[in-house]
Amino acid sequence: MTTIDHPTREEVQRQRDAILNAVGLSAEELAERAASGELVGEEWSAWAEVEELGYLLGE
C-alpha cells in the first residue's frame, strides 16, 4: 500500500527556511543572485528547492 504525505503549509515554510538558512541567504537575496546568474555551488540546488516550495505555497 502506498501512502501519500501531505505536508502542512507550516511544514513547507519550515523546510524553505531551513534551506535558506543552510545557504545563509534570504529568499530575496537568493532570487536576486539567481536572476543575475551569480549562484554558486549549493545555491543552485537551494534555488531549485525554494522555487518548488514557493509553488506549493502559492507564491
Side-chain angles (χ1 to χ4, degrees):
M1 177 186 220
T2 302
T3 59
I4 299 173
D5 184 26
H6 296 282
T8 66
R9 180 174 186 80
E10 292 76 25
E11 289 171 328
V12 174
Q13 287 174 324
R14 280 195 300 270
Q15 184 177 358
R16 181 177 62 181
D17 291 344
I19 293 166
L20 293 169
N21 286 335
V23 293
L25 297 169
S26 70
E28 294 79 18
E29 291 169 326
L30 189 60
E32 287 174 14
R33 291 179 64 80
S36 64
E38 297 178 3
L39 295 176
V40 295
E42 291 188 17
E43 292 174 355
W44 284 103
S45 60
W47 174 242
E49 290 182 69
V50 166
E51 282 285 282
E52 289 176 20
L53 295 171
Y55 174 79
L56 293 175
L57 292 168
E59 297 175 351

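Index from 1, following the sequence.
- Residues W47 and A34 approach most closely at CE2-CB, 3.5 Å, considering heavy atoms.
- Residues passing the side-chain hydrogen bond (donor to acceptor under 3.5 Å, both in side chains) test with E42: none are found, sequence neighbours excluded.
- Sorted by first and then second residue, the salt bridge (Lys or Arg N to Asp or Glu O under 4.0 Å) pairs with a member in residues 18-36 read R33-E38, R33-E43; sequence neighbours excluded.
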Result block: side-chain N/O donor-acceptor pairs under 3.5 angstrom for residues 48-59, not counting sequence neighbours:
unit_1 : atom_1 : unit_2 : atom_2 : d
E59    : OE1    : R16    : NH1    : 2.5
E59    : OE2    : R16    : NH1    : 3.1

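- Proximity of a side-chain donor or acceptor of W44 to a complementary backbone N or O of L39 within less than 3.5 Å is detected.
- Of all the heavy atoms in L20 and A27, the pair that sits closest is CD1-N, 3.7 Å.
- Here T8 pairs with E10, E11 under the side chain to side chain contact (heavy atoms under 4.5 Å, CB included) rule; sequence neighbours left out.
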